[in-house]
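In what follows, residues are counted from 1 in the order of the sequence shown. What you are looking at is a predicted structure, and each value in this text was computed from that prediction instead of being measured.
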Amino acid sequence: MTDPVATRIQSHPRYLELRQERNRFGWTLTALMLFVYYGYIALIAFNKPFLAQPIGGGVTTLGIPLGLFVILFTIVITGIYVRRANSRYDALTQDILRDAQK
């Protein structure tokens, strides 16, 4: 048995728009994260002297702030996705549900 409301939602043009937009945005953020993460790993693997350069007058090397950047970048893009989901995607979902229940 298929639910008529679910069928209307799946065929709703705004639902198809929502799916496409959400997937494109998600894959874009995923590509950015993979680029940053694997870029850092590639630096570790292929250019250790670059990461081993001391910064300032202490013993901290360039690899430490770059590693922190990777972690902070992950938090920032997660926040960007959550903000978009809470504002844009939730509003579209509510509109689609309202239209499908008519």
Side-chain angles (χ1 to χ4, degrees):
M1 278 191 142
T2 58
D3 184 12
V5 175
T7 304
R8 281 193 300 247
I9 289 172
Q10 290 176 348
S11 63
H12 196 285
R14 293 196 67 187
Y15 174 73
L16 300 174
E17 172 192 339
L18 170 65
R19 278 185 50 196
Q20 182 181 18
E21 182 180 332
R22 189 185 61 213
N23 286 339
R24 185 180 22 203
F25 189 63
W27 282 112
T28 301
L29 293 180
T30 299
L32 285 171
M33 186 62 232
L34 289 173
F35 176 77
V36 169
Y37 178 76
Y38 283 110
Y40 183 67
I41 297 301
L43 278 175
I44 292 170
F46 300 113
N47 201 353
K48 285 184 181 116
F50 174 73
L51 292 176
Q53 294 176 27
I55 53 175
V59 295
T60 303
T61 63
L62 189 57
I64 299 298
L66 286 178
L68 289 174
F69 168 77
V70 171
I71 294 168
L72 291 175
F73 183 77
T74 303
I75 293 167
V76 167
I77 65 169
T78 301
I80 290 170
Y81 183 83
V82 168
R83 185 174 185 183
R84 170 83 62 101
N86 287 341
S87 61
R88 173 90 175 129
Y89 302 151
D90 285 352
L92 277 173
T93 301
Q94 292 304 317
D95 291 344
I96 293 164
L97 288 173
R98 209 174 7 260
D99 287 348
Q101 292 174 349
K102 289 181 183 178

I'd like to know if Phe69 and Phe50 are part of one continuous hydrophobic network [Ile/Leu/Val/Met/Phe/Trp/Tyr, side-chain heavy atoms within less than 4.5 Å]. yes

What's the separation between atom CG in Leu32 and atom CD1 in Ile80, rounded to the nearest 0.5 Å? 9.0 Å

Membership question, hydrophobic clusters at under 4.5 Å side-chain separation (ILVMFWY): are Val82 and Leu29 in the same one? no

Please list all pairs passing the side chain to side chain donor-acceptor pair (under 3.5 Å) test where one or both residues lie in residues 32-56, with sequence neighbours left out. none

Kindly work out whether a path of hydrophobic side-chain contacts (I/L/V/M/F/W/Y, heavy atoms less than 4.5 Å apart) joins Leu18 to Leu97. yes

Is any side-chain heavy atom of Ile96 closer than 4.5 Å to one of Thr93? no

How far apart are the C-alpha atoms of Phe73 and Val70, what are their side-chain angles, what is the distance that settles it, and do they pass the side-chain contact (heavy atoms from CB on, under 4.5 Å) test? CA-CA 5 Å; Phe73 183 77; Val70 171; 5.7 Å; no

Separation of Ile9 CD1 from Leu16 CG (nearest 0.5 Å): 11.5 Å

When every non-hydrogen atom of Ala52 is compared with those of Thr61, the smallest separation belongs to O-CG2, 3.5 Å

Between Tyr81 and Phe25, what is the ring plane arrangement, given parallel below 30°, perpendicular above 60°, and tilted in between? parallel

Do you know the tightest heavy-atom contact between Thr78 and Thr74? OG1-O, 2.8 Å

Cluster question for you: counting only ILVMFWY and a side-chain heavy-atom cut-off of under 4.5 Å, with indirect links fine, are Val76 and Leu34 together? yes

Spatial distance of atom CD1 (Ile77) from atom CE (Met33) [nearest 0.5 Å]: 5.5 Å

Using a strict 4.0 Å threshold on nitrogen-to-oxygen distance, state whether Asp95 and Arg14 make a salt bridge. yes

How long is the span from the OH atom in Tyr89 to the CG atom in Leu92, to the nearest 0.5 Å? 9.0 Å

Close side-chain approach of Ile44 and Leu51, heavy atoms under 4.5 Å: yes

Gln20 pairs by side chain to side chain contact (heavy atoms under 4.5 Å, CB included) with which of Glu17, Arg24, Arg22? Arg24

